[in-house]
There are 2 protein chains.
Amino acid sequence: MHISDEDLLQALRSQGLRITAPRRAICGALARHHNTHLTVDDLHRLAEEDAETHLDRSTVYRTIEALESAGLVTHMHLGHGAAVYHLAEEAHHHHLLCENCGSTTTVDDADFDDMMALVTERTGFVVNSHHFAMPGRCADCAKEV
Amino acid sequence: MHISDEDLLQALRSQGLRITAPRRAICGALARHHNTHLTVDDLHRLAEEDAETHLDRSTVYRTIEALESAGLVTHMHLGHGAAVYHLAEEAHHHHLLCENCGSTTTVDDADFDDMMALVTERTGFVVNSHHFAMPGRCADCAKEV
DNA sequence: TTGGCTGCAAAGAGTTTGCACAGCT
DNA sequence: AGCTGTGCAAACTCTTTGCAGCCAA
């Protein structure tokens, strides 16, 4: 079962934060698109469509910041552009971004941890890499070359 | 033996590009700091000190772009901020950036390739990751927790 | 001589912040 | 009623671009 918008709102409420129309719309968009990576722009657009009203981008930034510091949402960077956000519970995989076709491949934590254990073994460094995508070529594009 | 500023200038020259005072200063700074990761700001400051004259940031960007497309320089992203540049010949290692102390650990290509072969094996994805650093905790900071 | 390179200024993307007012609790 | 959250506008960082004059080849 996935986190619903009500779960998100409830979590905000229990942090002593207030529930407002913009926050409802933003939480709704996040919950409804829990399986995607949304930029602030996406979120802004979706929330506006939802609320059928104008929202300011800074409101979106401030709301996700609140959700992020409450631990419900995380952001990461796919390539150079804007950061992408998703529910924290969806974060248990690593992203591989294809430089050629722009697709993202995911590796789940278990597999990724195996790989990163090798890094730690050789360097002592503990990788914490949900935060940045690794660029390269996806299986399909790798064949093309 | 390392690449010298003259090597860089010579390479520009052989691309039909012109040698100017700003370019001398920028190539000098790159060659002299070949073992570091320089932001455009660093490079700008170093080149100004060197040339004892004012240089525009856009000149640094444009020169770096020329050197990069000539294959002599690469850039990568350590964390969120500005890109860092270094000589392409120094690029044969991967970067691990400590979120705690800001230090960078490097893994050379051979080791890194071993690890990434595991990714390819499991997903078909071919990682090309000199471009982004992997965040985490360096050996020392990992102990602290 | 002449086309590439420069500085300057402005613009662009992504993000943050100050402020006065609206509105949640 | 009080204080948090909002929209608006401005600022900030990093980077790119247009333009007119300068200078390396």
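Note on naming: letters A, B, ... go to the chains in the order of the sequence lines (proteins, then strands), and numbering restarts at 1 for each one.
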Would the A:H77 and B:H77 ring centres measure less than 6.0 Å apart?
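Ring-ring flag for A:H77/B:H77: false, centres at least 6.0 Å apart.
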Of B:R18 and B:V60, whose closest DNA chain C nucleotide lies nearer the 5' terminus?
B:R18
Nearest-angstrom distance from the residue atom [atom1] of [X] to [atom2] of [N]:
X     : N      : atom1 : atom2 : result
A:E48 : D:dT6  : CD    : P     : 14 Å
B:D42 : D:dT15 : CG    : P     : 11 Å
B:H54 : C:dA9  : NE2   : C1'   : 12 Å
A:I64 : D:dG5  : CD1   : C1'   : 15 Å
B:H44 : D:dT13 : NE2   : P     : 15 Å
A:I19 : C:dC24 : CD1   : C1'   : 10 Å
B:L12 : C:dT6  : CG    : P     : 10 Å
A:I26 : D:dG5  : CD1   : P     : 12 Å

Counting just side-chain N and O atoms, does [X] come under 4.0 Å of either OP1 or OP2 of [N]?
X     : N      : answer
A:Y61 : C:dT16 : no
A:S58 : D:dT6  : no
A:R57 : D:dG7  : no

Given DNA chain D, 5'-ward residue of the pair B:D41 and A:T59, judged by closest heavy atom
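Upstream on the strand: A:T59.
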Identify, between A:T63 and B:D56, the residue whose nearest nucleotide on DNA chain D lies closer to the 5' end.
A:T63
Within the structure shown, what part of the strands sits under 4.0 Å from A:T39 by heavy-atom distance: base, sugar-phosphate, or nothing?
nothing
Could you pull out the closest heavy-atom pair between B:G71 and B:A88, with the gap in Å?
O-CB, 3.3 Å
Ignoring hydrogens and angles, does a donor from either the side chain of A:R62 or the base of D:dG7 sit under 3.5 Å from an acceptor on the other?
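Present.
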Between A:D41 and A:T39, do the side chains contain an N or O donor and an N or O acceptor separated by less than 3.5 Å?
no
Modelled atom types, side-chain donor and acceptor of A:D7 and A:S4, under 3.5 Å
yes
Please state whether the rings of B:H54 and B:H44 are parallel, tilted or perpendicular, taking 30° and 60° as the class boundaries.
perpendicular
